[in-house]
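So the structure is just underneath, and the comments pick up after that.
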Amino acid sequence: MSDVPRAPAFIVTIYGDVVDPRGGALWIGTLIECCARHGLNETLVRTAVSRLVAAGNLEGVRIGRKSYYRLSERAREEFREAARLLFGPPPDVEDWLISLSTAGDLPGPWARLSPSVAIAPNREDVAPVDGVVMRAEQIGAQDELRSLAREKWALDEVARAYEAFLDRHASLLDTGRSESCFSPEGALARRLRLVHDYRHAALNDPRLPRAACPEDWPATRARRLFVSAYLGLSDKADAFVGESFLNENGALQAHNAETERRLSRLEREAAGWEQSATFR
């Protein structure tokens, strides 16, 4: 893959996918080696780490001549929110929340329709707002709803991010489960880019009711590619982590309860698709 990711965001991906579920800390030498595979040199990595520390996203400790870094508690919470979206099947959203309030700025994915009316998809993770909030179901006017959603939630940009993800990683549908396609180091490198690119698209997706999305909405195709490829790459990728990633106590674990939990969730999700196809 020829394009080089932005160093700070990619380092957060490495911590979220590999380091944090295994206890949190990583030797900066390991981080530099991992990033080099993606075109990020040592200077870029050290500069990015310094900025992440200054921003309160990473915390460092020096032991002897070696420096180790972990996600701050705030950053860990943010990525764990993201992990729930990445490693748990996103629930279907069928209806809406309507807020009758003139309160100022609203958290995403709330969108204001008028000075006193705002709308959001009815999901458990949608932040509450002050004032009267009602639940609503859309009846009719399908095209108008799609036009409204396209405007209020910038769905064209979200769709482009999903399509870019699909274009970049489509080959993994054929090779993701093959034992011979990647070395352990290559499998981890590819999985990190898979997570990085999918995270970018999925976290910007407002996850609206399906009826509000364009007919060719790519989110489901992207989700299936992510799940299938992540599962296919993980045996070798995790083995490489256990061989080569170091913290202050030695090598990180190849597997632990949290990494197994993530894989189990994805396996159940994939099994659900196969079961649905069987009973059609």
Side-chain angles (χ1 to χ4, degrees), residues 6 8-9 12-13 16 55-57 74-75 77-168 195-227 269 272-273 276:
R6 290 181 60 252
V12 171
T13 295
N57 293 314
R74 183 189 71 190
E77 281 302 313
E78 289 176 359
F79 201 94
R80 284 169 187 174
E81 285 295 325
R84 281 189 272 274
L85 177 61
L86 296 178
F87 300 107
D92 291 333
V93 182
E94 297 183 354
D95 53 19
W96 301 88
L97 298 173
I98 304 293
S99 169
L100 305 180
S101 172
T102 58
D105 293 338
L106 294 170
W110 285 95
R112 193 164 288 288
L113 302 182
S114 75
S116 60
V117 179
I119 187 171
N122 183 18
R123 304 193 322 250
E124 290 184 358
D125 62 331
V126 171
V129 294
D130 294 333
V132 177
V133 177
M134 299 183 292
R135 183 175 175 179
E137 180 180 356
Q138 187 243 342
I139 301 174
Q142 190 74 24
D143 291 340
E144 288 84 348
L145 175 63
R146 285 177 174 154
S147 296
L148 175 69
R150 201 169 189 165
E151 173 191 351
K152 294 295 183 182
W153 287 280
L155 294 188
D156 288 345
E157 294 180 18
V158 178
R160 282 193 291 271
Y162 276 131
E163 292 292 357
F165 168 79
L166 287 161
D167 290 344
R168 182 171 293 161
V195 173
H196 187 71
D197 295 338
Y198 183 73
R199 183 168 70 98
H200 170 70
L203 292 182
N204 287 306
D205 185 351
R207 287 181 287 144
L208 305 178
R210 183 65 185 87
C213 298
E215 292 183 7
D216 58 347
W217 189 238
T220 298
R221 288 184 288 124
R223 179 66 188 172
R224 294 196 174 201
L225 170 55
F226 172 77
V227 171
E269 185 175 350
W273 302 335
S276 296

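Start at 1 with the first residue, then count along the sequence. The basis for the numbers below is simple: all heavy atoms, side chains too, and nothing from hydrogens, waters or symmetry mates.
The two residues P121 and V93 come nearest to each other via the heavy atoms CB-CG1, 3.9 Å. Y162 approaches A201 most closely through the heavy-atom pair CD2-CB, 3.7 Å. Residues S99 and V129 approach most closely at OG-CG2, 3.6 Å, considering heavy atoms. For A120 against V126, the heavy-atom pair with the smallest separation is CB-CG1, 4.1 Å. V12 approaches F79 most closely through the heavy-atom pair O-CE1, 3.9 Å. Between D95 and P209, the shortest heavy-atom distance links the atoms O-CG, 3.5 Å.
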Pair R84, E81 - check salt bridge (charged side-chain N to carboxylate O under 4.0 Å, His left out), show working.
CA-CA 5 Å; R84 281 189 272 274; E81 285 295 325; 2.3 Å; yes
For L100 and V117: C-alpha separation, side-chain torsions, deciding distance, then whether side-chain contact (heavy atoms from CB on, under 4.5 Å) applies.
CA-CA 5 Å; L100 305 180; V117 179; 4.0 Å; yes
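Within a 6.0 Å sphere centred on CZ of R135, heavy atoms belonging to other residues, nucleotides or ligands number 12 at most. Heavy atoms from other residues, nucleotides or ligands lying under 6.0 Å from CZ of R80 number more than 12. Around CZ of R112, the count of heavy atoms belonging to other residues, nucleotides or ligands within 6.0 Å exceeds 12. Environment of CG in D156: crowded, with over 12 heavy atoms of neighbouring residues, nucleotides or ligands closer than 6.0 Å. A 6.0 Å sphere centred on CG of D92 holds no more than 12 heavy atoms belonging to other residues, nucleotides or ligands. Within 6.0 Å of atom CD in E94, 12 or fewer heavy atoms from other residues, nucleotides or ligands are found, so the atom counts as exposed in its surroundings.
Looking only at side-chain heavy atoms (C-beta outward), P218 and E163 come within less than 4.5 Å of each other. Using a 4.5 Å cut-off on side-chain heavy atoms (C-beta onward), W153 and V158 make no contact. Counting heavy atoms from C-beta outward, L85 and D205 have side chains that stay 4.5 Å or more apart. At a threshold of 4.5 Å between non-hydrogen side-chain atoms, the residues K152 and P206 do not count as touching.
Summarising the geometry, atom CZ belonging to F226 is positioned 10.5 Å from atom CG belonging to D197; distances are rounded to the nearest 0.5 Å. Atoms CZ and CZ, from R199 and F165 in turn, are 13.0 Å apart once rounded to the nearest 0.5 Å. Rounding to the nearest 0.5 Å gives a distance of 11.0 Å between CZ of R160 and CG of L155.
The residues D125 and R207 are annotated as salt-bridged, a charged nitrogen and a carboxylate oxygen being separated by less than 4.0 angstrom.
Proximity of a side-chain donor or acceptor of W96 to a complementary backbone N or O of I119 within less than 3.5 Å is not detected. Of the possible donor and acceptor atoms, one in the side chain of N204 sits under 3.5 Å from a partner among the backbone N and O of H200.
A side chain to side chain donor-acceptor pair (under 3.5 Å) check over residues 210-220, counting only residues at least two apart or in different chains, returns the pairs R146-E215.
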